[in-house]
Amino acid sequence: MSETMNRRSFLRNATLMSAGVWVGTTKDQSANDKLNIGIIGVTHRGGDNLNGVQSQNIVALCDIDERYLAEAKQRFPNAKTFYDYRSMLEMKGLDAVVISTPDHHHAPATSLALHAGLHVYCEKPLTHTVHEARTVSQLAKKYRRVTQMGTQIHAENNYRRVVEIVQSGAIGEVSEVHTWVQKVWAGNRKPTDTPAVPAYLHWNEWLGPAAERPYHPDYLPATWRGFWDFGCGTIGDMACHHMDLPFWALGLRYPSTVSAEGPKLDPYVTPNWLNVHYEFPVAGRKKPVKLTWYDGERTPPILTEKGLPNWGGGNLFIGDKGMLLADYGQYKLLPEKDFAGFQPPTPTIPNSIGHHNEWIQACKTGGATTCNFDYSGALTEAVLLGNVAYRTGKTLEWDAKHLKVKNCPEAEAFLHTGYRNGWKV
């Protein structure tokens, strides 16, 4: 570890600015040099991220499925292969790592990478628990690494134009936001049978920090999102994409209160629908912004009440001069008659060079990434507090400074997680 850190000593001399989003210009690496990147998770979401950074030197590949790893090795024959990312992160010569694992591995892998002096790109949600989100954002700041969470839509032009419109005051002061997605990630039951582990699968490494249990195909691939021990349900999968827009446009950070409704709590599997109510204090305003999240088949009642279009997911901003409806690729100002002839403000947010490319360029030359761990850590904390509120059945009074729920001691159990021997954050 010390040799790795010494090798990167030039990076430690960089200047930290803007809550960890600026790392200075390195003296030994130009924008034309290629990064030596290690990939943790090489298919599905990991495959998309691998494609996003394939312009660089892919020197290490890690996956728990030998079939996926063999396919990736064919594309990058010079890369070393691993089944355990802990071994990969001891490899000399790495500059950066891309993490596309199940949620329960995000913080352990990210923590190891940051301690090793590596830049990190990690899929959303940034972590599995609220406490982990704060920990890795603080580590990124401590080690002055370039970080990016995989909220790829943040780099699309539509989000940038919506942010500019909201911040221009076109719909007035926004007091309320409704955010929804008609998607479900829920488990059916805790498996009870114990089929054999497939020969190609490294179950122990997939299980990682989670408590010991037998292999079962209900857990993977992808379906792990429906189990509390591995994933964070639908809100964990999708809210970092959709809530990103109001976070950005309104300058949101940590909620003051959080409450939730859903079906009867199952201690093992995530719910098939969830409503979460947040209140966010905003500097310079007396009243908080109210944000309500809906998933599963739930949608904001106001869509039906006012005859508004339902695009399957998105955000409805409600201001004192009008409303703005937006999803990933389009927006509409409402009521339409009130905004006839509306001219959007002159763009002030530059179009992105690409979500992965932002991170790559910042790793090389210093600069800002738009979803660095300071920003995305706070977003992830808010998202995951929705699950904590649901699991406790209480309205949480959140003390962000001390990372505590002031009125609900039992919430503490859901802010943290335990780690199996050999795994930690």
Side-chain angles (χ1 to χ4, degrees), residues 1-12 14 16 20-21 23 26 29 34-42 45-46 49-50 52-53 56-64 79-129 131-150 205-206 208-209 355-356 358-360 362-364 369 371-377 380 419 422-425:
M1 183 87 57
S2 60
E3 290 178 2
T4 304
M5 290 299 288
N6 288 336
R7 190 184 65 79
R8 299 185 184 87
S9 60
F10 67 92
L11 289 172
R12 290 203 305 265
L16 179 67
V21 301
V23 295
T26 66
Q29 188 170 49
K34 291 188 175 183
L35 298 171
N36 292 332
I37 297 181
I39 306 294
I40 304 175
V42 301
R45 184 72 245 140
N49 287 331
L50 176 54
V53 300
Q56 305 306 296
N57 293 327
I58 307 302
V59 299
L61 300 164
C62 180
D63 205 285
I64 52 79
K80 294 183 179 180
T81 56
F82 300 85
Y83 305 122
D84 189 327
Y85 58 75
R86 295 172 297 180
S87 299
M88 191 194 86
L89 292 172
E90 294 175 354
M91 175 181 167
K92 294 181 180 180
L94 285 175
D95 296 311
V97 64
V98 176
I99 299 168
S100 309
T101 63
D103 298 350
H104 70 296
H105 278 287
H106 285 185
T110 295
S111 173
L112 280 175
L114 290 171
H115 279 296
L118 303 178
H119 305 300
V120 181
Y121 182 107
C122 183
E123 262 306 316
K124 51 75 203 163
L126 183 58
T127 59
H128 191 213
T129 70
H131 187 267
E132 289 175 339
R134 186 69 63 90
T135 298
V136 299
S137 64
Q138 290 174 341
L139 284 173
K141 184 176 182 179
K142 176 181 178 180
Y143 290 111
R144 302 180 181 185
R145 301 301 84 194
V146 177
T147 56
Q148 184 90 306
M149 184 173 74
E205 285 72 22
W206 187 91
H355 200 62
H356 296 91
E358 284 181 19
W359 176 69
I360 289 168
C363 289
K364 294 177 180 181
T369 56
C371 288
N372 62 83
F373 287 0
D374 179 67
Y375 173 86
S376 58
T380 297
Y419 304 101
W423 306 82
K424 63 180 181 179
V425 172

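- If you look at H105 and W423, their ring centroids are closer than 6.0 Å.
- You'll find the side chain of Y85 stays beyond 4.5 Å of the side chain of V97, heavy atoms only.
- When side chains are defined from C-beta on, I58 counts as touching V53, because their heavy atoms get closer than 4.5 Å.
- Residues T110 and T127 are not in side-chain contact: their nearest non-hydrogen atoms beyond the backbone lie 4.5 Å or more apart.
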Self-check item: Test log, rule side-chain contact (heavy atoms from CB on, under 4.5 Å), inputs R86 and L112
Solution: CA-CA 8 Å; R86 295 172 297 180; L112 280 175; 3.7 Å; yes

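- Take Q56 and apply the side chain to side chain donor-acceptor pair (under 3.5 Å) test, not counting sequence neighbours, and it matches K364.
- Side-chain contact between H355 and Q148 is present, with heavy atoms from C-beta onward closer than 4.5 Å.
- Rounding to the nearest 0.5 Å gives a distance of 7.5 Å between NZ of K124 and CG of D103.
- Counting only distance, with no hydrogens or angles, the side chain of R134 and the backbone of G377 share no donor-acceptor pair below 3.5 Å.
- L139 has its side chain within reach of S111: a pair of non-hydrogen atoms, C-beta onward, lies under 4.5 Å apart.
- In terms of heavy atoms, I40 sits closest to M88 at CG1-CE, 3.6 Å.
- In this structure, the side chain of N36 does not engage the main chain of D95 through any donor-acceptor pair within 3.5 Å.
- Every residue meeting the salt bridge (Lys or Arg N to Asp or Glu O under 4.0 Å) condition with R45, not counting sequence neighbours, appears here in chain and number order: D48, E123.
- Using a distance-only test at 3.5 Å, with no hydrogens or angles considered, a donor-acceptor pair links the side chain of N372 to the main chain of D374.
- Across all their heavy atoms, L35 and C363 have their closest contact at CD1-CB, 3.6 Å.
- Take S100 and apply the side chain to side chain donor-acceptor pair (under 3.5 Å) test, not counting sequence neighbours, and it matches N49.
- Here the closest non-hydrogen pair linking V120 and W359 is O-NE1, 3.2 Å.
- Listed by chain and residue number, F82, M91 satisfy the side chain to side chain contact (heavy atoms under 4.5 Å, CB included) test with K80 (two or more places apart in sequence, or in another chain).
- E205 pairs by the salt bridge (Lys or Arg N to Asp or Glu O under 4.0 Å) definition with nothing, not counting sequence neighbours.
- Contact between T369 and T147 at its shortest, heavy atoms only, is OG1-O, 2.7 Å.
- Checking each of P125, S376, C122, S137 against M149 for a side chain to side chain contact (heavy atoms under 4.5 Å, CB included) leaves exactly one that passes, namely S376.
- In terms of heavy atoms, H106 sits closest to I99 at CD2-CG2, 4.3 Å.
- When all heavy atoms of A113 and L89 are compared, the pair lying nearest together is N-CD1, 3.9 Å.
- With sequence neighbours excluded, the residues forming a ring-ring contact (aromatic ring centres under 6.0 Å, His included) with H356 are Y121, listed by chain and number.
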